[in-house]
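Quick notes on the structure that follows.
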Amino acid sequence: MLDIKYIRENPDKVKKGIAAKNEKDRVDNVLQLDEERRDIIGQVEELKAKRNKVSSQIPQMKKSGEDTTTVLAEMKEVSDKISEFDKKQRDVEEQLNDILMYIPNLPHDSVPVGKTVEENVVVREWLPEGFSFENDKKFLDHIELGKKLNILDFERGAKISGSGFPVYMAKGATLERALINFMLDFHLNEHNYTEVLPPFLVNSESMKGTGQLPKMAEDMYYIEKDDLYAIPTAEVPITNLHRKEILSENELPKSYVAYSACFRREAGSYGKEAKGFLRVHQFNKVELVKFVKPETSYDELENIVSDAEDILKALKIPYRILLLCTGDLSFSAAKSYDIETWSPAENKWLEASSCSNFEDFQARRANIKFRREKEKKPEFIHTLNGSGLATSRLMVSLLENYQTREGTIEVPEVLQKYTNFNRIY
RNA sequence: GGAGAGAUGGCAGAGUGGUUGAAUGCGGCGGUCUUGAAAACCGUUAAGGAUGCAAGUCCUUCCGGGGUUCGAAUCCCUGUCUCUCCGCCA
């Protein structure tokens with residue numbers, strides 16, 4: 001959520017930012033409701049001040065035997081007026097809030113302006129030693145590999161749940177578990193994150209806090225009976241860990257790493273892009289979340305990206321970093337980098353991570369603040385997160401890049417102590 | 001699922017219709033004392049909003065929402081959460 005004061009004072013900047021993100025501009029509507037709201041507050045507070053003043057005098061009047069009937073009658077009228085204004089105020093604030101919740105975060109100045117993914121900027125590329133895009137090897141794709149080696153079963157997943165719910169079998173399941181454990185341990189030991197294992201179902205207030213609701217309601221699994229949503233990413237429960245809290249300066253930055261299953265309805269997407277692991281309804285992800293002081297958040301964004309990159313370097317999987325243009329930026333983000341890993345069978349890059357700075361957008365929605373040493377007023381913190389990383393897309397690149405000419409899989413060296421085998425055949 | 005109890009400031013814990021945003025204790029912060037520390041003593045210690053250059057003034061908030069009343073932390077209704085007992089169950 002944007003600061004209403006900021007919108008009031010910089011309507012043109014806000015409009016420009018919204019336009020760059022291809023979102024609907026309702027700034028004028030906000031400004032009008034804001035004015036209405038402040039007008040009502042002025043009137044109702046005047047009445048309340050009167051009520052408080054007179055109410056405190058009544059006991060004294062009674063004590064000294066004065067007749068209070070006129071005053072009581074008069075105050076009754078004041079009270080009725082107050083309820084009237086209170087109701088009006090609630091209505092206006094509800095309308096205002098509803099619209100505010102649909103206004104996206106503004107892009108940071110360093111974000112390139114652009115409409116589509118075509119305008120994202122490649123920042124850097126990393127290739128393992130000896131890697132070449134030119135290769136005479138005939139690559140099987142991950143689906144063929146999964147079937148041949150009996151480690152992935154998409155058909156049975158479809159039988160028990162529906163399409164997009166893959167089953168990991170045998171060494172495939174072990175490899176997946178190894179990957180998760182490796183990533184958790186790595187961030188824990190090498191990057192100093194604190195591990196959290198959160199609930200996978202959260203309430204709607206949490207979803208509003210991170211910005212999934214109200215806009216993304218259709219993309220999430222919802223359990224009506226209990227009014228709970230399946231998390232699309234661990235970002236949601238982890239960021240909401242500190243909802244409605246005031247943190248102290250010396251505990252920042254807070255860095256969390258969390259494994260979770262992620263659930264996405266992916267409504268409206270189908271076709272070639274959806275095959276195998278490329279688009280699934282449930283996948284595993286290790287997520288990085290940071291709570292930081294505002295002045296450090298852009299440095300911390302670079303840190304998160306580099307923390308995620310370290311995993312790929314350790315796994316020796318080719319990747320590149322994209323700086324997203326304004327049009328490709330998500331609703332809550334001010335600046336994002338995507339990390340894409342190379343898929344030799346698809347012959348293209350696959351998004352395996354997205355790292356974002358939300359500045360105070362989520363903090364304002366979720367009411368997460370901190371207090372500086374010696375300062376009185378709490379300030380909103382900045383939140384960031386990044387996948388570090390999602391296993392599904394990563395698994396595609398891993399299986400394909402590590403396949404041998406015989407169609408078996410070498411287990412990456414850093415995973416071997418987790419798998420206790422070094423080859424899948 | 002059934003029965004009961006409860007939710008107050010950073011924490012503990014008073015408060016059952018009228019200067020109670022809230023006693024008291026602990027903790028935190030500042031000070032006196034001390035070579036330093038402790039103890040003791042004194043002071044201070046919530047968040048949000050409206051208005052204003054500011055100082056300030058005013059409003060809201062005692063789990064959330066609604067109601068009664070001139071006036072609600074206190075009474076009524078409702079929701080959520082926590083605890084105890086019973087049942088069921090991994």
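Note that the coordinates shown come from a computational prediction; the quantities given were computed from them, not determined experimentally. Below, read A as the first sequence line, B as the second, and so on, with proteins coming before strands; counting in each chain starts at 1.
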Exercise for the section: Using the six-membered ring wherever Trp is involved, compare the ring planes of A:Phe331 and A:Phe361 and label them parallel, tilted or perpendicular (cut-offs 30° and 60°). Expected result: perpendicular

Handout entry: C1' gap between B:rU8 and B:rG2, integer Å
Key = 30 Å

Handout entry: Nearest to side-chain heavy atoms of A:Lys76, which nucleotide of B:rU69, B:rA46, B:rG48
Key = B:rU69

Handout entry: Base-contact (B) and sugar-phosphate-only (S) positions in nucleotides 52-65 of chain B, heavy-atom cut-off under 4.0 Å, - elsewhere
Key = ------BBS-----

Problem - Euclidean distance for C1', B:rC77 against B:rG21 (whole angstrom) - result: 26 Å

Fill in the blank from the handout: Atom CD of A:Glu35 and atom C1' of B:rA50 are separated, to the nearest Å, by 14 Å

Exercise for the section: Using the side chain to side chain donor-acceptor pair (under 3.5 Å) rule, pick out the option among A:Glu300, A:Glu249, A:Glu379 that qualifies with A:Lys293. Expected result: A:Glu249

Problem - Interatomic distance, A:Asp226 CG vs B:rU80 P [rounded to whole Å] - result: 11 Å

Exercise for the section: Could you please name the partner base of B:rA14, counting Watson-Crick and G-U wobble pairs only when both distances are under 3.5 Å? Expected result: none

Practice task
Select base, sugar-phosphate, or nothing to describe what A:Lys377 touches, counting heavy atoms under 4.0 Å on all strands.
Solution key: sugar-phosphate

Problem - Residue among A:Leu149, A:Leu145, A:Leu394 satisfying side-chain contact (heavy atoms from CB on, under 4.5 Å) with A:Leu399 - result: A:Leu145

Practice task
Look through every strand shown and name the nucleotide pairing with B:rA38 as Watson-Crick or G-U wobble, where both distances are under 3.5 Å.
Solution key: none

Completion exercise
Taken to the nearest 0.5 Å, the spacing of A:Arg8 CZ from A:Leu2 CG works out to 13.5 Å

Handout entry: Gap in Å between the two C1' atoms, one belonging to B:rC62 and one to B:rG48, rounded
Key = 15 Å

Handout entry: Nucleotide opposite B:rA54 in a Watson-Crick or G-U pair, distances under 3.5 Å
Key = none

Practice task
In whole angstrom, give the distance that lies between atom CD of A:Glu249 and atom C1' of B:rG28.
Solution key: 16 Å

Handout entry: Distance between C1' atoms of B:rG13 and B:rG27 (Å, rounded)
Key = 14 Å

Exercise for the section: Could you check which nucleotide pairs with B:rC29 in any of the strands shown, counting Watson-Crick or G-U wobble with both distances under 3.5 Å? Expected result: B:rG43

Exercise for the section: Quick one: look up who B:rA73 pairs with, Watson-Crick or G-U, both distances under 3.5 Å, and put none if it's unpaired. Expected result: none

Exercise for the section: With heavy atoms under 4.0 Å as the rule, sort A:Ser56 into base, sugar-phosphate or nothing. Expected result: nothing

Handout entry: Verdict with supporting geometry, A:Lys244 and A:Glu205, salt bridge (Lys or Arg N to Asp or Glu O under 4.0 Å)
Key = CA-CA 11 Å; A:Lys244 294 183 183 168; A:Glu205 210 180 327; 3.1 Å; yes

Handout entry: Between B:rA40 and B:rC58 - C1' atom distance, rounded Å
Key = 41 Å

Fill in the blank from the handout: CD (A:Gln95) and CG (A:Leu33) are apart, to the nearest 0.5 Å, by 5.0 Å

Practice task
Provide the distance between the two C1' atoms, one in B:rU69 and one in B:rA14, to the nearest whole Å.
Solution key: 26 Å

Handout entry: Length of the CG-P vector between A:Leu72 and B:rG18, whole Å
Key = 15 Å

Exercise for the section: Classify the side-chain pair A:Tyr418/A:Asp185 by whether it contains a donor and acceptor separated by less than 3.5 Å. Expected result: yes

Practice task
Using distance alone, with no hydrogens and no angle criterion, decide if A:Glu359 and A:Asn105 have a side-chain donor and acceptor under 3.5 Å apart.
Solution key: no

Practice task
To the nearest Å, give me how far apart CD1 (A:Ile58) and P (B:rG17) are.
Solution key: 18 Å

Fill in the blank from the handout: Rounded to whole Å, CE of A:Met75 lies from C1' of B:rG18 at a distance of 15 Å

Problem - Geometric cation-pi criterion, A:Arg393 with A:Phe277: 6.0 Å, 45° - result: no

Practice task
Under 4.0 Å between any heavy atoms, over every strand shown, what does A:Ile41 touch: base, sugar-phosphate, or nothing? Just pick one.
Solution key: sugar-phosphate

Problem - Gap in Å between the two P atoms, one belonging to B:rU32 and one to B:rA37, rounded - result: 11 Å

Exercise for the section: Provide, to the nearest angstrom, the distance between the NZ atom belonging to A:Lys5 and the C1' atom belonging to B:rA50. Expected result: 10 Å

Problem - Side-chain N or O of A:Ser55 closer than 4.0 Å to phosphate OP1/OP2 of B:rU19 - result: no

Handout entry: Nearest-Å distance for atom pair CG/P, residues A:Asn203 and B:rG79
Key = 18 Å

Fill in the blank from the handout: Mate of B:rA5 across any strand shown (Watson-Crick or G-U wobble, both atom pairs under 3.5 Å) is B:rU82

Exercise for the section: Tell me the partner of B:rC88, counting only Watson-Crick (N1-N3 plus N6-O4 or O6-N4) or G-U wobble (N1-O2 and O6-N3) with both under 3.5 Å; none if nothing fits. Expected result: none

Practice task
Please measure how far the C1' atom in B:rA73 lies from the corresponding atom in B:rU20, and state the result in whole Å.
Solution key: 8 Å

Problem - First encountered from the 5' end of RNA chain B, between A:Asn367 and A:Ile4 - result: A:Asn367

